[in-house]
Amino acid sequence: GEAVPAAQKGSWTSFLKSLAGFTGDLSSLTAPPFILSPTSLTEFPAYWCERPELFAQIADGKTEEARALAVLRWFISTLKGQYTSRNESMGSEKKPLNPVLGELFYGHWPEKKERGGKTTLVVEQVSHHPPITAYHIANDAKGLVLNGHNAQKTSFSGGSIIVKQVGHAILTVTLPSGGKEEYLITLPRLRIDGLWYGSPYIELADTSYIQGSNGWVSAIEYKGKGYFSGTSHSFKATVSHPTRSSERVIQGTWHTTSTDKSTGATFHDVTTPKEEVTVTPVEEQGEWESRRMWYGVAKGIREGDFETAAKEKSRIENEQRQRRRDEAGAGTTWALKHFEHILNDPTYERLADLFSGNPATEDAYIYLNNGPSM
Ligand code: 0T9
């Protein structure tokens with residue numbers, strides 16, 4: 001394909017061949033330089049809050065229904081960033097840097113009147129094999145906390161990479177009355193297409209759910225070209241409550257706009273600019289912070305100096321291997337810094353039960369409330 005530099009065609013073809021019949025941890029496969037991204041997966045949870053106003057507005061909903069709709073609006077509005085922003089910034093989907101165990105990413109969105117207060121982000125890589133990323137996002141002034149973790153199960157089918165997202169997020173809303181609402185957010189399935197031509201892009205598939213403790217549930221169905229509206233990135237969400245006879249239907253494309261079918265009003269609109277997370281300059285970061293840790297690799301990738309990038313990457317990986325050997329020798333294990341791993345999440349269980357969510361239980365990473373002051 002045209003997107004593949006002539007000198008890398010052979011290695012791209014062998015990469016695609018190694019994908020066929022592959023199941024497991026894709027991040028560990030060696031890919032040709034042109035497809036490498038200088039950004040680590042620990043940065044991805046920032047996509048949850050690049051429209052901090054929409055996040056803050058969840059707390060302003062006066063009724064349970066209004067809040068459930070605000071949660072859905074914020075969620076849908078994150079999808080463009082989560083799944084198309086590499087295409088916009090780098091020309092196609094790219095292979096992110098594979099985080100090391102203990103890697104950290106901190107950031108915030110500054111305080112503004114429209115969002116009540118500042119929004120903070122704490123991310124930690126809590127597992128390397130398989131890669132698992134835990135995150136905590138909070139807007140304290142608004143009483144909003146999003147806590148979640150992410151892993152992927154990948155397979156290859158019909159020329160595409162199929163990614164099942166493992167993990168979930170819980171959004172907790174503390175109301176001015178002191179009451180508490182929780183929302184369980186499950187994640188869509190991904191298909192990575194365009195591989196043959198060396199210009200991968202993501203399409204979403206199947207259904208994801210947002211189940212509120214107040215009974216409101218959104219089922220979001222994703223379709224690509226040729227369904228609902230005939231265009232890619234289409235979705236149809238139904239918002240319902242067990243005691244209501246009618247349901248609300250929202251339909252549109254998640255990377256542009258959607259309409260509330262019951263009122264005809266625009267439901268979400270992400271054609272306006274988003275706001276990237278604010279991060280401490282790399283020179284002031286600690287050695288476990290993502291941009292500092294990967295500085296040399298990222299610089300090499302950005303400048304086309306792949307020899308330096310590869311050398312720096314080997315140095316980081318060897319250091320990690322040595323650390324694991326030392327731990328094995330001393331009979332110790334790596335201690336997480338900001339999260340505690342629990343094997344069964346009672347909040348997940350309670351909320352998944354309300355919509356027959358599958359599986360019945362999941363593990364989770366509980367935030368230890370010890371992030372840096374930002
Ligand atoms: C959570 C998101 C996730 C992470 C990425 C599949 C993928 C790693 C996981 C699911 C975020 O909230 C949303 C967006 C993009 C997802 C990535 C896209 C991708 O390609 C990678 C995988 C591991 C690869 O790097 C595949 C090889 C590559 C050559 C294809 C571009």
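Order of appearance sets the numbers: ligands from 1, and atoms from 1 within every ligand. Only a predicted model underlies this, so the values are computations on that prediction, with no experimental measurement involved.
In the hydrophobic clustering, where aliphatic and aromatic side chains (Ile, Leu, Val, Met, Phe, Trp, Tyr) are joined below 4.5 Å either directly or transitively, Tyr295 groups with Val282.
A cation-pi arrangement is present between Arg73 and Phe267, with the terminal nitrogen or guanidinium carbon under 6.0 Å from the aromatic centre and inside a 45° cone about the axis.
Side chains of His233 and Thr253: no donor on one and acceptor on the other come within 3.5 Å.
Sorted by first and then second residue, the salt bridge (Lys or Arg N to Asp or Glu O under 4.0 Å) pairs involving residues 291-310 (not counting sequence neighbours) are Glu43-Arg291, Lys299-Glu303.
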Would you give me the side-chain donor-acceptor pairs under 3.5 Å for residues 211-220, sequence neighbours excluded?
{"from": "Ser213", "atom 1": "OG", "to": "Glu182", "atom 2": "N", "distance (Å)": "2.9"}
{"from": "Ser213", "atom 1": "OG", "to": "Glu182", "atom 2": "O", "distance (Å)": "3.3"}
{"from": "Asn214", "atom 1": "OD1", "to": "Trp216", "atom 2": "N", "distance (Å)": "3.0"}
{"from": "Asn214", "atom 1": "ND2", "to": "Glu181", "atom 2": "OE2", "distance (Å)": "2.9"}
{"from": "Asn214", "atom 1": "ND2", "to": "Tyr183", "atom 2": "OH", "distance (Å)": "3.2"}

Atom pairs and distances, ligand 1 N/O vs protein N/O under 3.5 Å:
{"from": "ligand 1", "atom 1": "12 (O)", "to": "Gln82", "atom 2": "OE1", "distance (Å)": "2.6"}

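Taking the six-membered ring for Trp and the full ring otherwise, the centers of Trp109 and Phe55 sit at least 6.0 Å from each other.
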